[in-house]
Amino acid sequence: PKRNYSSDVAKFRKIFDQSQRVVALTGAGISAESGVPTFRGDGGLWRQHQATDLANPEAFERDPSLVWQFYEYRRQLVATKSPNNAHLTLAKLQKKVHPTELVRQEKYLYIVTQNVDELHSRAGSRAVIELHGSMFKTRCTGCKKVKENYNNPITPALANITEIDEKKIPRDQLPHCELCNQLLRPHVVWFNESLNPRDFEFVVELINECDLLLVIGTSSLVHPANMFAPNVARRGGTVAEFNLEPTTKLKKSFFFPGPCGESLPKIFP
Ligand code: BJW
Ligand code: ZN
């Protein structure tokens, strides 16, 4: 197939420097080099389950013990991992573009992430929008209250979750709300659930006005985040993808192959 993208670093740097409004859309691939498994492909299997089969409301309804074990396993794993050079490069770049905490200044670099691992904020990034929520927040299934939670383990029955043996944890030993005593769930967005409408509207505005979109480490399979690149390209904006393989076929775009923990620091030393 005909390549319709460029990998010319100098040309891309020039466009980046001339851009006022830049958005970086990130996915699981940006955390891969930190040792956090991706959702699909090699990393996508947990125990005998496909990650995509666990990240939905029906799975939680059917077997909250299993779904909590999946999330607690990942929470505990991420707690032992650190941001990598891709997260750090973006954080450094943000500080150059806008040295202060920003709310949409003249020149900006927003990070819109699909990841729930909080590695962008741990890398020192400000202006991060977590489109799919965070594993370090809970939401009550009763009163809907959202709370930060960095407890490790989140509750005694969920200590030492391993990749191998599945425990059957009685419902009353899963995390419960301090206010109304109903079951808590991870504050993440599962399939067929809506994104936070305020965050989503804000991101749509950013996507509609940005000059340049960086698409980093996402398979571009999941709606609505996979609509952002086509939208920017349709308006004549520039899209630059950083991935092991291209996931978008757009006019006038850039593609930088390889692990983004290597390509990003090379382009933005
Ligand atoms: C590297 C790398 C390295 C590796 N360097 N790169 C039929 C058709 C179309 C759509 C639908 C449909 N049926 C249902 C839908 C909608 C559905 C959807 O999109 N489904 C498709 C999958 C078919 N979407 C939804 O339901 C969404 N809700 C919605 O649309 O509601 C309507 C609405 C819209 C807007 C406003 C209001 C309402 C919700 C989607 C929620 C997704 N949730 C999850 C789980 C989050 C919690 C958790 O993490 O547990 O989000 S699913 C999972 O996929 C997770 C991820 O954020 C998301 C995206 O995955 P990502 O990040 O792209 O990871 P991978 O693993 O897929 O890819 C990794 C990439 O990295 C690969 O490309 C590698 O090559 C690359 N890579 N190493 C650079 N070192
Ligand atoms: Zn409650």
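Since the model is a prediction, treat every value here as computed from it, not as a measurement. First listed ligand is number 1; within each ligand, the first listed atom is number 1.
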Would you sort out whether Ile30 and Asn115 count as a side chain to side chain contact (heavy atoms under 4.5 Å, CB included), showing the intermediate values?
-> CA-CA 9 Å; Ile30 198 172; Asn115 300 342; 3.4 Å; yes

Can you find a protein heavy atom under 4.0 Å from [atom]?
atom	value
atom 32 (C) of ligand 1	no
atom 9 (C) of ligand 1	no
atom 59 (C) of ligand 1	yes
atom 38 (C) of ligand 1	yes
atom 15 (C) of ligand 1	no

What are the atoms of ligand 1, with element, lying closer than 4.0 Å to any heavy atom of [X]?
X	result
Val188	47 (C)
Pro259	3 (C), 5 (N), 80 (N)
Ala28	61 (P), 62 (O), 64 (O)
Gly27	62 (O)
Thr38	66 (O)
Pro224	30 (O), 34 (C), 35 (C)
Glu33	3 (C), 5 (N), 80 (N)

With a 4.0 Å heavy-atom cut-off (strictly under), which part of Met135 contacts ligand 1: side chain, backbone, both or neither?
-> neither

Which one holds for Ala32 and ligand 1: side chain close, backbone close, both close, or neither close, with close meaning a heavy atom under 4.0 Å?
-> side chain

List the closest protein heavy-atom neighbour of [atom]: residue, atom name, distance to the nearest 0.1 Å.
atom	value
atom 13 (N) of ligand 1	Asn192 OD1, 4.8 Å
atom 36 (C) of ligand 1	Phe200 CD2, 3.5 Å
atom 49 (O) of ligand 1	Arg74 NH2, 2.9 Å
atom 1 (C) of ligand 1	Gly29 CA, 3.5 Å
atom 28 (N) of ligand 1	Glu193 O, 2.8 Å
atom 56 (C) of ligand 1	His132 ND1, 3.8 Å
atom 23 (C) of ligand 1	Leu221 O, 4.6 Å
atom 52 (S) of ligand 1	Phe191 CZ, 3.4 Å

For [atom], which of the options [options] provides the nearest non-hydrogen atom?
atom	options	value
atom 63 (O) of ligand 1	Leu131, Asn56, Asp199, Thr218	Thr218
atom 6 (N) of ligand 1	Cys260, Gly41, Gly217	Gly217
atom 45 (C) of ligand 1	Thr113, Val67, Val189, Thr52	Val189
atom 74 (C) of ligand 1	Leu54, Thr26, Asn243	Asn243

In the structure I gave you, are the side-chain heavy atoms of [X] and [Y] within less than 4.5 Å of one another anywhere?
X	Y	result
Leu212	Arg21	no
Ile216	Leu264	yes
Arg139	Pro186	no
Thr248	Pro230	no
Phe16	Leu93	yes

Under 3.5 Å between some N or O of ligand 1 and some N or O of [X]?
X	answer
Ser194	no
His223	yes
Arg40	yes
Val222	no
Trp190	no
Tyr71	yes

Linking I/L/V/M/F/W/Y whenever any side-chain heavy atoms sit under 4.5 Å apart, do Tyr108 and Val239 land together?
-> yes

N, O or S atoms of the protein lying under 2.8 Å from the Zn ion (ligand 2) = Cys140 SG, Cys143 SG, Cys177 SG, Cys180 SG

For [X] and [Y], which I'm curious about, is there any donor-acceptor pair between the side chains at under 3.5 Å?
X	Y	answer
Gln114	Thr218	yes
Asn149	Thr138	no
Thr247	Glu241	yes
Thr113	Glu130	no
Thr80	Gln76	no
His120	Thr26	yes

Kindly confirm or rule out a cation-pi arrangement of Arg74 over Phe70, judged by NZ or CZ under 6.0 Å from the six-membered ring centre and within 45° of its axis?
-> yes

Do the ring planes of [X] and [Y] sit parallel (below 30°), tilted (30 to 60°) or perpendicular (above 60°)?
X	Y	value
Tyr150	Phe136	parallel
Phe202	Tyr110	perpendicular
Phe12	Phe268	perpendicular

Considering residues at least two apart in sequence or located in another chain, which fulfil the side-chain contact (heavy atoms from CB on, under 4.5 Å) criterion with Leu221?
-> Arg40, Ser219

Output all residues satisfying side-chain hydrogen bond (donor to acceptor under 3.5 Å, both in side chains) with Thr238, sequence neighbours left out; order by chain, then residue number.
-> none

Give a yes or no on whether a salt bridge exists between Asp63 and Lys168, defined as a side-chain N under 4.0 angstrom from a carboxylate O.
-> yes

Taking distance alone, no hydrogens or angles, what donor-acceptor pairs closer than 3.5 Å link side-chain atoms of residues 174-185 to residues at least two apart or in another chain?
| unit_1 | atom_1 | unit_2 | atom_2 | d |
| --- | --- | --- | --- | --- |
| His176 | ND1 | Leu174 | O | 2.6 |
| Glu178 | OE1 | Lys147 | NZ | 2.9 |
| Arg185 | NH1 | Glu193 | OE2 | 2.8 |
| Arg185 | NH2 | Val188 | O | 2.8 |
| Arg185 | NH2 | Glu193 | OE1 | 3.1 |

Before giving the answer on side chain to side chain contact (heavy atoms under 4.5 Å, CB included), spell out for Phe228 and Val203 the whole-Å C-alpha distance, their side-chain angles and the decisive distance to 0.1 Å.
-> CA-CA 9 Å; Phe228 300 162; Val203 169; 3.6 Å; yes

